[in-house]
Amino acid sequence: MNGTDARAPLSVVTEDLTLTVDGVDLDVRSTGDRLFVEVATVRDALRVARRLPGDSDARGPAALLTATDLTTEVRVRGRTVAIVGAAARPGVLSRELGVAPAEVRIAGALGAGMSGLSAAASAPRRLFN
């Protein structure tokens with residue numbers, strides 16, 4: 001990185017990576033500058049979120065992602081619920097929830113929750129069909 005570069009781009013390539021946090025498996029894939037962390041259910045996402053560092057400790061990883069021009073998307077049931085890093089644009093909701101510098105995607109969280117409820121409601125039907 002020279003004196004005129006604002007960021008030191010870093011590329012991450014992975015096809016098969018699984019992280020485990022508090023017994024919850026998280027599938028990770030990437031597109032080079034964006035990491036996608038897939039969580040199976042809203043319940044698991046909340047469980048993982050409770051194990052993450054507090055405000056003062058969380059700013060370090062977000063700053064590292066931003067400095068290296070990387071972005072992490074946290075996805076539940078295929079819907080983006082949070083973004084951390086270079087592309088994150090935290091708003092009022094993120095500040096109110098105390099998760100800034102992460103960006104919270106309320107529509108993604110609601111969609112994931114509705115998808116989970118729909119799956120739970122259809123599970124008994126599958127047992128009897």
Side-chain angles (χ1 to χ4, degrees):
M1 185 164 125
N2 65 37
T4 61
D5 289 337
R7 296 181 180 166
L10 179 67
S11 180
V12 176
V13 178
T14 181
E15 291 182 20
D16 186 21
L17 177 64
T18 301
L19 299 175
T20 302
V21 177
D22 197 25
V24 176
D25 289 335
L26 309 169
D27 292 325
V28 180
R29 62 184 177 79
S30 72
T31 60
D33 63 347
R34 192 167 289 248
L35 298 167
F36 297 92
V37 178
E38 301 281 345
V39 185
T41 66
V42 173
R43 179 186 302 169
D44 284 347
L46 292 172
R47 185 173 169 186
V48 169
R50 287 187 196 110
R51 301 295 289 173
L52 295 177
D55 281 350
S56 60
D57 294 334
R59 295 192 192 283
L64 175 64
L65 287 167
T66 300
T68 56
D69 203 21
L70 288 173
T71 300
T72 298
E73 283 191 29
V74 178
R75 299 171 57 89
V76 177
R77 296 187 161 272
R79 291 163 176 90
T80 301
V81 298
I83 299 175
V84 181
R89 302 293 177 257
V92 174
L93 182 60
S94 294
R95 289 188 288 280
E96 286 296 319
L97 293 174
V99 298
E103 173 186 346
V104 174
R105 296 269 178 101
I106 191 70
L110 290 173
M114 294 304 292
S115 176
L117 289 174
S118 176
S122 65
R125 280 184 250 148
R126 285 192 304 266
L127 291 174
F128 298 107
N129 287 333

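- To the nearest 0.5 Å, atom CD of residue Glu38 and atom CZ of residue Arg29 are 5.5 Å apart.
- The CZ atom of Arg77 sits 7.0 Å away from the OG1 atom of Thr41 when rounded to the nearest 0.5 Å.
- Looking only at distances, a side-chain donor or acceptor of Thr66 sits under 3.5 Å from a matching main-chain atom of Ala62.
- Side-chain N or O atoms of Glu103 include none that pairs as donor or acceptor with a backbone N or O of Ala88 at under 3.5 Å.
- Separation of atoms OG (Ser30) and CD (Glu73) is listed at 12.0 Å; rounding is to 0.5 Å.
- Taking CG of Leu26 as the reference point, atom OG1 of Thr18 lies at 8.5 Å (rounded to 0.5 Å).
- If you take OG1 on Thr71 and CG on Asp69, they are separated by 7.0 Å, rounding to the nearest 0.5 Å.
- With Val39 as reference, Asp44 is the one residue of Asp44, Asp27, Leu46, Val81 to meet the side chain to side chain contact (heavy atoms under 4.5 Å, CB included) rule.
- Tracing side-chain contacts under 4.5 Å through hydrophobic residues (I, L, V, M, F, W, Y), one never reaches Leu64 starting from Ile83; they form parts of separate clusters.
- In this structure, Phe36 and Thr80 have side chains that are not in contact, with every pair of non-hydrogen atoms separated by 4.5 Å or more.
- No donor-acceptor pair under 3.5 Å is formed between the side chain of Ser94 and the backbone N or O of Val99.
- Between Ala112 and Arg79, the shortest heavy-atom contact is N-CD, 3.3 Å.
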query: Run the side chain to side chain contact (heavy atoms under 4.5 Å, CB included) check on Thr72 and Leu65 step by step: do they pass?
result: CA-CA 8 Å; Thr72 298; Leu65 287 167; 3.7 Å; yes
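- Between Ala45 and Val76, the shortest heavy-atom distance links the atoms CB-CG2, 3.7 Å.
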